[in-house]
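A quick write-up on the structure given underneath.
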Amino acid sequence: QVQLVESGGGSVQAGGSLRLSCAASGLPGSVYYDMGWFRQAPGKEREGIAAIVITGGTKYADSVQGRFTISRDGAKNTLYLQMNNLKPEDTGMYYCAARSASLWATPSLLNSVYTSWGQGTQVTVSS
């Protein structure tokens, strides 16, 4: 089971930027993971916003396309989410998630396909 720890959240004004990190540990042997970023706004369900697979493919929710960038550093077992031009509606708890990788998998924003989750990091964007 992989352990995931998010960091980098905080409070920013609209138009600002943040970079979230997700450190993965406990990777068993040569198993690799496809990963994603999710967020949950107050009173709303958790939604997928960005995903990346081991072949490098990415997928973004329409709400963050062009503003957020997902990337990974395999050597450091770390996932990143660069968030630019932040808006108040980006406020929420941000989670990273992982699932066992497949060379045939496509990036997914569905909660149900991921098997490991971090505890989350809070992002607050003020107007």
Side-chain angles (χ1 to χ4, degrees):
Q1 187 80 6
V2 63
Q3 290 80 48
L4 305 172
V5 179
E6 303 93 337
S7 62
S11 297
V12 296
Q13 290 190 329
S17 298
L18 283 174
R19 189 176 81 154
L20 305 183
S21 299
C22 173
S25 61
L27 300 177
S30 61
V31 176
Y32 297 99
Y33 291 83
D34 295 330
M35 302 186 76
W37 284 101
F38 291 74
R39 72 182 176 196
Q40 187 166 21
K44 295 187 177 181
E45 294 185 353
R46 187 168 59 190
E47 62 172 344
I49 57 173
I52 188 167
V53 293
I54 59 170
T55 54
T58 58
K59 184 175 183 177
Y60 297 91
D62 291 343
S63 58
V64 305
Q65 181 77 49
R67 299 188 298 122
F68 291 10
T69 303
I70 188 171
S71 62
R72 65 194 304 170
D73 183 332
K76 297 181 179 179
N77 289 334
T78 302
L79 179 73
Y80 301 100
L81 184 68
Q82 178 66 44
M83 305 187 295
N84 297 328
N85 191 23
L86 283 160
K87 304 176 180 180
E89 51 264 41
D90 294 319
T91 293
M93 186 70 77
Y94 283 67
Y95 302 89
C96 69
R99 60 171 175 166
S100 294
S102 167
L103 291 176
W104 299 273
T106 56
S108 176
L109 301 180
L110 298 177
N111 284 267
S112 59
V113 306
Y114 293 92
T115 56
S116 298
W117 294 85
Q119 295 299 306
T121 185
Q122 178 69 35
V123 172
T124 302
V125 185
S126 58
S127 57

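Note that the numbering runs from 1 along the sequence shown for the chain. Quick note: numbers below take in every heavy atom, side chains included, and nothing from hydrogens, waters or symmetry partners.
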Discussion item. Please say yes or no: joined through hydrophobic side-chain contacts below 4.5 Å, possibly via intermediate residues, are Val125 and Tyr95 part of one cluster?
Written reply: no

Worksheet entry | Donor-acceptor pair, side chain of Gln119 and main chain of Glu6, under 3.5 angstrom | no

Worksheet entry | Atom pair CE (Met35) and CG (Leu79), whose distance is rounded to the nearest 0.5 Å | 4.5 Å

Discussion item. Would you compute the distance between atom OG of Ser25 and atom CG of Leu4 and round it to the nearest 0.5 angstrom?
Written reply: 7.5 Å

Practice prompt. Determine whether Val64 and Leu86 fall in the same hydrophobic cluster, where Ile, Leu, Val, Met, Phe, Trp and Tyr are linked whenever their side-chain heavy atoms lie under 4.5 Å apart.
Written response: yes

Discussion item. Measuring from atom OG of Ser127 to atom CD of Gln13, what distance do you get when rounded to the nearest 0.5 angstrom?
Written reply: 9.0 Å

Worksheet item: Linking I/L/V/M/F/W/Y whenever their side-chain heavy atoms sit closer than 4.5 Å, directly or via other members, would Leu110 and Trp117 fall into one cluster?
Response: yes

Worksheet item: Would a 4.5 Å heavy-atom cut-off, applied to side chains only, mark Met83 and Trp37 as touching?
Response: no

Worksheet item: Looking at OG1 of Thr78 and CG of Leu20, how far apart are the two atoms once the value is rounded to the nearest 0.5 Å?
Response: 12.5 Å

Worksheet item: Between Arg99 and Val113, what is the shortest heavy-atom contact and its length?
Response: CB-O, 3.5 Å

Worksheet item: Is the closest side-chain heavy-atom distance between Thr91 and Arg39 below 4.5 Å?
Response: no

Discussion item. Which heavy atom of Val12 sits nearest to which heavy atom of Ser17, and what is that distance?
Written reply: CG1-O, 4.0 Å

Item to complete: State whether the side chain of Asp34 and the backbone N or O of Ala105 hold a donor-acceptor pair below 3.5 Å, judged by distance alone.
Response: no

Worksheet item: Out of curiosity, Glu45 CD to Gln40 CD, how far, rounded to the nearest 0.5 Å?
Response: 8.0 Å

Discussion item. Could you see if Trp104 belongs to whatever hydrophobic cluster contains Ile54? Use Ile, Leu, Val, Met, Phe, Trp, Tyr and a side-chain cutoff under 4.5 Å.
Written reply: yes

Response to the item:
Minimal heavy-atom distance between Val2 and Ala98, with the atoms involved, is CG1-CB, 4.1 Å

Worksheet item: For Ala61 and Gly48, which heavy atoms make the closest approach, and how far apart are they?
Response: CB-O, 3.6 Å

Could you tabulate the donor-acceptor pairs under 3.5 Å formed by side-chain atoms of residues 66-75, not counting sequence neighbours?
unit_1 : atom_1 : unit_2 : atom_2 : d
Arg67  : NH1    : Asn85  : O      : 2.9
Arg67  : NH1    : Asp90  : OD2    : 2.8
Arg67  : NH2    : Ser63  : O      : 2.8
Arg67  : NH2    : Asp90  : OD1    : 3.0
Arg67  : NH2    : Asp90  : OD2    : 3.4
Arg72  : NH1    : Tyr33  : O      : 3.0
Arg72  : NH2    : Tyr33  : O      : 2.7
Asp73  : OD1    : Ala75  : N      : 3.0
Asp73  : OD1    : Lys76  : N      : 3.2

Fill in: Spacing of Leu109 atom CG and Ile49 atom CD1 [to the nearest 0.5 Å]
9.0 Å

Worksheet item: For Tyr114, what residues pass the ring-ring contact (aromatic ring centres under 6.0 Å, His included) criterion, not counting sequence neighbours?
Response: Phe38

